[in-house]
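Atom set for the values below is all heavy atoms of this structure, side chains included, hydrogens, waters and symmetry mates excluded. Computed from a prediction, not measured in an experiment: that's the story for all the values here.
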Amino acid sequence: QVQLVESGGGLVQAGGSLRLSCAASGRTFSSYAMGWFRQAPGKEREFVATISWSGGSTYYADSVKGRSIISRDNAENTVYLQMNSLKPEDTAVYYCAARSGPIGGSVVALYDYWGRGTQVTVSS
């Protein structure tokens, strides 16, 4: 079992930055690939970024590529999402997810565990 708790969301002006964190319980964090997803009101949950269990491989949605960086600290059981140049369309609840195995993916159904999310609101 893995429990995930997101933090770092908030209200920010367009062009600003936020750093989201996701703290994982358990001693097997390094056995999981991690992902960030987001869900805006009335929309389906969508992929944002993923990182392999070693941290050596990352992949981003086109919508955030070049503006966001996913990273992890396996010693601290934490995954991060640094978001820069934020836009109003980035407004959503952001979720952290864990998938058992070396590689994540962009599909919601691939992930085994989910956090409860953290709200990000970007004002224009």
Side-chain angles (χ1 to χ4, degrees):
Q1 280 279 25
V2 177
Q3 292 185 328
L4 304 171
V5 180
E6 303 93 337
S7 61
L11 174 64
V12 62
Q13 288 188 335
S17 298
L18 281 175
R19 188 193 196 201
L20 305 184
S21 299
C22 173
S25 66
R27 295 175 291 178
T28 60
F29 179 68
S30 59
S31 299
Y32 292 85
M34 300 298 295
W36 284 98
F37 291 76
R38 67 187 183 186
Q39 188 166 17
K43 295 188 176 181
E44 293 188 353
R45 193 168 298 189
E46 65 174 10
F47 168 74
V48 176
T50 185
I51 188 166
S52 61
W53 62 7
S54 68
S57 177
T58 59
Y59 179 68
Y60 299 90
D62 287 343
S63 58
V64 303
K65 194 177 298 181
R67 301 189 294 122
S68 298
I69 299 173
I70 187 171
S71 61
R72 67 189 295 162
D73 185 338
N74 285 347
E76 296 294 328
N77 284 9
T78 303
V79 63
Y80 304 97
L81 182 68
Q82 176 70 42
M83 299 190 296
N84 304 316
S85 301
L86 283 162
K87 306 174 182 180
E89 50 263 45
D90 293 319
T91 295
V93 177
Y94 282 71
Y95 297 91
C96 171
R99 181 189 185 193
S100 181
I103 300 295
S106 60
V107 177
V108 169
L110 292 174
Y111 289 81
D112 304 300
Y113 302 100
W114 292 84
R116 293 188 175 185
T118 185
Q119 176 70 47
V120 171
T121 303
V122 184
S123 63
S124 57

Subject >> Results of side chain to side chain contact (heavy atoms under 4.5 Å, CB included) for V5 - residues two or more places apart only >> reply: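 Not a single residue meets the side chain to side chain contact (heavy atoms under 4.5 Å, CB included) criterion with V5.
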
Subject >> Which residues share a side chain to side chain contact (heavy atoms under 4.5 Å, CB included) with S30, sequence neighbours left out >> reply: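 So S30 forms a side chain to side chain contact (heavy atoms under 4.5 Å, CB included) with N74.
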
Original post:
How far does CD1 of I103 sit from OG of S54, to the nearest 0.5 angstrom?
Top reply: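 Rounded to the nearest 0.5 Å, the CD1-OG separation comes to 7.5 Å.
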
Counterpart residues, side chain to side chain donor-acceptor pair (under 3.5 Å), relative to [X] (two or more places apart):
| X | value |
| --- | --- |
| N77 | none |
| E76 | none |
| T50 | Y111 |
| T121 | Q119 |

Original post:
Any sub-3.5 Å donor-acceptor pair from E6's side-chain atoms to G117's backbone N or O?
Top reply: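 At least one qualifying donor-acceptor pair exists.
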
Original post:
Any sub-3.5 Å donor-acceptor pair from S25's side-chain atoms to Q3's backbone N or O?
Top reply: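 Indeed, once roles are kept as given, a pair shorter than 3.5 Å links the two residues.
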
Would [X] and [Y] show up in the same hydrophobic cluster when neighbours are defined by side-chain heavy atoms closer than 4.5 Å?
| X | Y | answer |
| --- | --- | --- |
| L4 | I51 | yes |
| L110 | Y113 | no |
| F37 | M34 | no |
| V64 | V93 | no |

Show me the pairs that pass disulfide (SG to SG under 2.5 Å) and involve [range], at least two apart or across chains.
| range | result |
| --- | --- |
| residues 23-88 | none |
| residues 24-57 | none |
| residues 11-119 | C22-C96 |

**OP:** Please collect all ring pair (Phe, Tyr, Trp, His ring centres under 6.0 Å) contacts where either partner lies in residues 53-91, sequence neighbours excluded, each pair once.
**Re:**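 Passing the test, one end in residues 53-91: F47-Y59.
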
What are the two closest heavy atoms between [X] and [Y], and how far apart are they?
| X | Y | result |
| --- | --- | --- |
| G104 | A33 | N-CB, 3.2 Å |
| S17 | S85 | OG-N, 4.3 Å |
| A23 | T78 | CA-OG1, 4.3 Å |
| R72 | Y32 | NH1-O, 2.8 Å |

Subject >> Residues which pass salt bridge (Lys or Arg N to Asp or Glu O under 4.0 Å) with K65, listed by chain and number, not counting sequence neighbours >> reply: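 Applying salt bridge (Lys or Arg N to Asp or Glu O under 4.0 Å) to K65 gives D62.
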
Original post:
Just wondering, more than 12 heavy atoms not from E46 lying within 6.0 Å of its CD?
Top reply: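 It does: E46 CD has more than 12 such atoms within range.
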
**OP:** Using the side chain to side chain donor-acceptor pair (under 3.5 Å) rule, collect all pairs that involve residues 90-105, keeping only residues at least two apart or in two chains.
**Re:**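 Checked against side chain to side chain donor-acceptor pair (under 3.5 Å) - neighbours excluded - the pairs reaching residues 90-105 are R38-D90, R38-Y94, R67-D90.
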
Original post:
Tell me, do M83 and W36 make a side-chain contact under 4.5 Å, heavy atoms counted?
Top reply: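 Sidechains of W36 and M83: no contact.
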
Subject >> 4.5 Å side-chain heavy-atom contact, P102 and S52 >> reply: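 No - every pair of side-chain heavy atoms lies 4.5 Å or more apart.
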
